[in-house]
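So that the names make sense, note that chain A is the first sequence line, chain B the second, and so on, each numbered from 1.
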2 protein chains.
Amino acid sequence: MVESFDVVLPAWVGPEVALWPAEVTAAERRMELVLDLARRNVLEKTGGPFAAAVFTCDTGRVVAVGVNRVVACNCSSAHAEVVALSLAQRRLGVYDLGGEGLPRHELVVNWRPCAMCFGALLWSGIRQLTIAGSGPELETLTGFDEGPIHPEWRRELASRGIGLSEDVCRREAVELFRWFAESGSEVYNPRREPQPSPSSRSMP
Amino acid sequence: MVESFDVVLPAWVGPEVALWPAEVTAAERRMELVLDLARRNVLEKTGGPFAAAVFTCDTGRVVAVGVNRVVACNCSSAHAEVVALSLAQRRLGVYDLGGEGLPRHELVVNWRPCAMCFGALLWSGIRQLTIAGSGPELETLTGFDEGPIHPEWRRELASRGIGLSEDVCRREAVELFRWFAESGSEVYNPRREPQPSPSSRSMP
């Protein structure tokens, strides 16, 4: 039986992030750095066009970064957000980035998190979500499936005390998706047509 | 910078699963084994009262199991479902358990997956979800927060060709949650009262 799994960043990430400033105060600059990671992840053929980073809200110190590693690590949950949040928790030795004595943490992502990652960020303890956009552009341009987003996702964030900043570097993020689509890179998780209902013991 | 994270099963799991039959054909028997893991995870103080297992649908061969490892592994996404799915993918060397040439796989869990795990199972490639129940009992009895479940979650499963079996060993699962509550064990992720809205750049 397999008793453990791990998710590893590509080798190019560490040296790249080492070149980042120690503190990144502007939201747009934080997003630009995340977009750089997403772009390079495609160029290096190490994953999909998605990246994320955890910063301290106030000082803008980078705590951890993530890129999409589904195919490389054979792990369908290794989305950029889950990777960044898990690495931040590993670095700080906590499962709750919002725990007592810790500074407030922000997750910066280059689009609205998918159905899974939306749940993952709720459990992570981050206090701020910053995204480049939330519309259908990700799915329509790249072909990736984002899953059923909760219709009240903004309200759910607010009710849990998680701030939301939208449309940060939106144009650049959409351009990245368009460039990805034109690159002919792999879409490992394409949207599928609805299938006929499977047999089920109790389907409403 | 931290460049990898891992999630590890408790040491007692391997020897326990080694005692399971090679093939488990009845759905109730699969769930009973999952409930045994959930119960022992609490008794051994290695995580919350949640467990999951990936079986081949037809033959009932166990591919991988998972238990809740959030606190032990400092990883808020290490829910039983994510652990079981990731270990199954690691074992088979695939990110898609529904890929070509593979048998159909089933995820057996001792309650409806939380908001995050619902998304995770959509991306995993499983073709069947079997749960002990889906009502408010988990939250009301244990105090754990399950997050905002998509209102059309059953329809979303069906439209993606994922079968659903509900209420398998429901009574035993509820009893387990009641026993957990009375044990005074840690609830690492309690439901919280809604907080006042945080500042936000664009809140609808």
message = Any side-chain to backbone donor/acceptor pair from A:R91 onto B:E3? Under 3.5 Å, distance only.
response = no
query = How long is the span from the CE atom in A:M116 to the SG atom in B:C117, to the nearest 0.5 Å?
reply = 9.5 Å
request  = Rounded to the nearest 0.5 Å, what's the gap from CD on B:E152 to NE2 on A:H150? Could you check?
outcome  = 10.5 Å
request  = List the steps, then state whether side chain to side chain contact (heavy atoms under 4.5 Å, CB included) holds for B:Q89 with A:V2.
outcome  = CA-CA 10 Å; B:Q89 292 170 340; A:V2 178; over 6 Å; no
message = When you compare the side chain of B:W153 with that of A:P148, does any pair of heavy atoms fall below 4.5 Å?
response = no
request  = Sort A:L97 into side chain, backbone, both or neither according to what part of it lies under 4.5 angstrom from a heavy atom of chain B.
outcome  = neither
query = Just how far is it from atom CH2 of A:W123 to atom SG of B:C75, taken to the nearest 0.5 Å?
reply = 14.5 Å
Part of A:F5 lying under 4.5 Å from any heavy atom of chain B = both
task = Just jot down the side-chain contact (heavy atoms from CB on, under 4.5 Å) partners of B:T56, sequence neighbours excluded, or say none.
result = B:T59, B:R61, B:V63, B:P103, B:H105
query = Using a heavy-atom distance cut-off of less than 4.5 Å, which residues of residues 79-88 of chain A contact chain B?
reply = A:H79, A:V82, A:V83, A:S86, A:L87
Could you pull out all donor-acceptor pairs under 3.5 Å where a side-chain atom in residues 9-27 of chain B meets a protein atom, sequence neighbours excluded?
unit_1, atom_1, unit_2, atom_2, d
B:W12, NE1, B:T46, OG1, 3.1
B:E16, OE1, B:R40, NH1, 2.7

query = CG of A:D96 to OH of B:Y188: how many Å apart, nearest 0.5 Å?
reply = 11.0 Å
Nearest heavy atoms of B:R90 and A:D6, plus distance in Å = NH2-O, 2.8 Å
query = Quick one: of B:G125, B:S77, B:A120, who has the most non-hydrogen atom pairs under 4.5 Å with chain A?
reply = B:A120
request  = Name the option with the most non-hydrogen atom pairs under 4.5 Å to chain A; the candidates are B:V7, B:L92, B:L122, B:V62.
outcome  = B:V7
request  = Among B:A64, B:G119, B:S76, B:P151, single out the residue with the greatest number of heavy-atom pairs under 4.5 Å to chain A.
outcome  = B:S76
message = Please classify the contact of B:C114 with chain A as side chain, backbone, both or neither, using a heavy-atom distance under 4.5 Å.
response = side chain
request  = Can you check whether anything in residues 66-73 of chain B gets within less than 4.5 Å of chain A, heavy-atom wise, and list it by number?
outcome  = B:V70, B:V71, B:C73
request  = Measure from the side-chain N and O atoms of A:N74 to the backbone N and O of B:G93, and report whether any donor-acceptor pair falls under 3.5 Å.
outcome  = yes
